[in-house]
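Written out below as structure tokens is the structure these notes cover.
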Amino acid sequence: MTQDDQTNTALHLDLYRMLVLIRRCQETIMNEYHPADEMRCPVHFCVGQEATPAALSLLMRPNDVVMSHHRSHGYYLAKGGSLDGLIAELYGKATGANGGLAGSQELSSHDVGFFSGTILSGMFAMATGAAFAQKYRASDGITVAVIGDGGMEEGIVFEALNLSAVFRLPILFVCENNIYSAHTRIDRRSLSETVSPRAAPFGVLTHILDGNDPILLARELAKILGHIRKNSAPAFVEVVTYRTCGHVGPENDDVLNYRPSEELLKWKERDPLAILRKTFLQSGIVGKDLEAIEKGINREILAAIKRAKEAPFPKIEDALRANWSNATAPVVGNISNSSDTSFRSGQAETRLAPY
Amino acid sequence: MNKSKPAAASNKVVNFGEAINMATRQAMELDESVFLYGLGADSPAGIFGSTKGLVDRFGSKRVFDTPVSEQALTAMAAGAANAGLRPILVHQRLDFMLYTMDQIVNWISLWHFKSSGRSRMPLTIRTIVGKGWGQGPQHAKSLHTWFAHVPGLKVVVPATPYDAKGLLLASIFSDDPVVFIEGRSLYAMKQEVPEAPYLVELGRALVRRPGKDVTIVAFGSMVPHALEAADLLAMEGPSAEVVDLRTLMPLDMETVCHSVARTRRLVVAEPGWRMFGAAAEIVAGVVENPKVSLVAPPKRVTWPHSHVPTSAPLEAAYYPDAKAILAACRATLA
């Protein structure tokens with residue numbers, strides 16, 4: 001094996017670890033969910049869509065920011081969010097990433113630069129502000145905004161694309177086109193099954209990538225991110241992928257017959273973990289090594305679940321107090337308070353001038 | 001209350017718009033993370049003078065015009081504030097903010113909450129309520145009640161140049177999201193203000209005029225009318241105490257109740273629609289207070305529960321003024 005091969009193999013193993021972490025995390029939570037019913041919030045699992053966050057996990061830096069939709073566990077973990085924080089948040093515990101106040105749908109971890117929210121397109125748009133701040137401060141960080149094909153139909157998306165180009169923001173827009181918005185297929189919502197052409201008229205560079213090939217994604221996203229970092233300009237990547245689990249919750253919603261079984265089967269055969277495993281055959285990694293990785297990760301996840309179950313709940317008083325920070329900028333210490341009751345008596349509102 | 005004045009007591013007579021300009025300029029000098037943007041933010045007219053000259057002083061990195069995309073601009077403010085900058089987003093009319101209610105309510109207002117206090121939104125949204133010269137139903141709304149109703153927001157409504165400057169500085173340097181509502185019709189009002197920066201504390205009402213017979217609680221563009229009504233009432237004998245709320249959220253019911261506990265009569269003058277408005281909240285807060293007992297039913301002086309007509313005589317008939325407040329005071333004294 002050459003040095004390059006060794007480097008590649010090391011990278012591929014990192015990719016694999018992240019894929020396994022995300023996949024096993026999702027599957028374990030799905031198994032734990034019922035009948036215990038101790039995780040009491042809607043969870044949108046990302047089974048089948050792990051390749052993009054795993055690829056990004058190799059490429060994102062601590063001062064990069066990710067803003068994601070609600071199907072976010074992969075991106076949370078990929079950005080370095082704590083497993084304990086994720087699981088405890090689903091259990092609504094005080095030790096959760098958001099102290100139990102956000103649940104799965106609005107998960108965030110400020111310290112690792114990961115944010116999410118469930119109102120479609122909101123995070124896509126807020127990412128323009130994150131990128132603006134990075135540029136304003138001349139930091140070398142960039143922002144990754146993640147959206148689905150459904151979210152792409154909200155109006156603010158077009159405003160945000162325009163803004164990113166006009167202001168030259170260092171932002172990577174990632175659209176996970178899994179062709180379903182909940183149970184509604186894309187052909188019922190749009191005359192085109194491809195979304196990236198919508199970004200091009202605003203002057204944003206667009207790419208369409210296979211969303212299930214982890215190595216391809218790592219390679220291509222590296223180039224695209226490199227371009228963004230160098231030129232402070234936005235890019236839009238459509239990753240074509242598929243959700244093999246249900247839309248929400250651990251239940252399988254295929255009983256609703258909203259998608260053809262052949263389609264689901266075809267995508268199950270394109271499992272990103274299986275695609276990556278195939279490459280290991282060439283590089284001498286044996287099944288036992290991969291099993292060891294999986295065993296270790298399984299142990300971590302189960303331990304996190306145990307800790308989450310034992311953790312305390314937050315208090316309602318703390319939640320009620322969390323609406324305002326009531327904090328002020330440090331500079332306030334240098335400015336005096338002042339008040340003045342004077343008012344020129346008889347000074348009514350003025351008559352407006354014409355415009 | 002801290003009533004210290006700046007050491008070098010040099011003052012300047014400015015109007016409401018210039019006071020806002022002064023506060024913005026001083027905030028931007030004090031803190032590099034403050035920036036200002038919005039439709040027309042850097043135009044020579046300077047949004048009725050409130051942003052005039054700022055781009056010349058600070059450059060286009062920190063003062064800039066924008067595409068006509070209020071929603072994305074608000075989302076951008078949120079993302080920048082989350083990153084620790086202090087954006088000031090300006091809307092020339094409050095009506096234009098309605099595009100942005102999703103950003104404000106579904107994201108900005110609850111961001112600190114859902115992060116369990118880890119993340120903040122230190123942003124200020126300046127917005128102007130049109131009045132007069134046929135602004136009409138789409139250019140004259142004041143939805144302060146909507147914003148005050150949403151947990152997580154602060155809502156500031158200055159009535160004088162002095163307060164506009166101090167409250168805007170306090171708003172910009174607050175780590176909470178502030179909706180800063182400016183009455184267009186107050187813009188030409190003049191007052192002497194200290195040249196140096198100063199803060200007017202958020203959430204503190206002010207007794208503008210002491211009195212003993214009836215309390216008039218007012219805010220924003222109703223404050224001048226409340227003071228005029230107090231003058232007119234005084235000519236008939238009774239003295240009205242005028243309380244200027246200055247901030248709607250946090251709401252200073254302590255100052256209000258302290259006043260009404262003495263006068264035992266309440267008139268609330270609100271520059272907004274009648275039903276489910278801020279005046280209703282203040283009346284409820286007074287009536288609920290076991291330490292206050294009224295000797296007459298409270299009165300609300302508000303806009304009618306109607307959109308604003310454009311035709312000039314209708315507009316004049318629509319807006320209540322000092323005479324309406326005077327009539328309400330008389331009713332409580334009858």
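Numbered from 1 within each chain, the chains take letters A, B, ... in sequence-line order.
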Which portion of A:A127 sits near chain B, non-hydrogen atoms under 4.5 angstrom: neither
In terms of heavy-atom proximity below 4.5 Å to chain B, should A:S164 be classed as side chain, backbone, both, or neither?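 For A:S164, no heavy atom lies under 4.5 Å from chain B.
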Rounded distance (nearest 0.5 Å) linking atom [atom1] of [X] with atom [atom2] of [Y]:
X      : Y      : atom1 : atom2 : value
A:N323 : B:D176 : CG    : CG    : 9.5 Å
B:K114 : A:L107 : NZ    : CG    : 8.0 Å
B:F113 : A:L101 : CZ    : CG    : 4.5 Å
A:T328 : B:I172 : OG1   : CD1   : 13.5 Å
A:E154 : B:D102 : CD    : CG    : 8.0 Å
A:M126 : B:W111 : CE    : CH2   : 4.0 Å

Chain A contact via [X] - side chain, backbone, both or neither, heavy atoms under 4.5 Å:
X      : answer
B:Q103 : side chain
B:V34  : backbone
B:T74  : neither
B:P151 : both
B:A77  : neither
B:L73  : both
B:F16  : neither

Looking at [options], which has the largest count of heavy-atom pairs under 4.5 Å with chain A?
options                        : value
B:S115, B:P87, B:S116          : B:S116
B:R118, B:R62, B:R120, B:M121  : B:R118
B:V193, B:V200, B:D163, B:L153 : B:L153

Determine the option with the most heavy-atom pairs under 4.5 angstrom with chain B, choosing from [options].
options                        : answer
A:E106, A:M67, A:E159          : A:E159
A:K135, A:Q134, A:R321, A:M123 : A:M123
A:A319, A:P330, A:S108         : A:A319
A:V331, A:T143, A:T118, A:L169 : A:V331
A:P314, A:G100, A:G155, A:A133 : A:A133
A:N162, A:V65, A:D111          : A:D111

Which heavy atom of [X] sits nearest a heavy atom of [Y], and at what distance?
X      : Y      : answer
B:H112 : A:A322 : ND1-O, 2.7 Å
A:N326 : B:K154 : OD1-NZ, 2.6 Å
A:F132 : B:A80  : CD2-CB, 4.4 Å
A:V332 : B:F173 : CG2-CB, 3.6 Å
A:A329 : B:R86  : CB-NH2, 3.3 Å
A:F115 : B:S119 : CE2-OG, 3.8 Å

If you count every heavy atom of other residues, nucleotides or ligands that lies below 6.0 Å from A:H110 atom NE2, does the total exceed 12?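 Atom NE2 in A:H110 is crowded, with more than 12 foreign heavy atoms closer than 6.0 Å.
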Atom CD of B:E32: over 12 foreign heavy atoms under 6.0 Å: no
Full working for ring pair (Phe, Tyr, Trp, His ring centres under 6.0 Å) between B:Y37 and A:F167: CA-CA 12 Å; B:Y37 69 121; A:F167 291 162; 7.7 Å; no
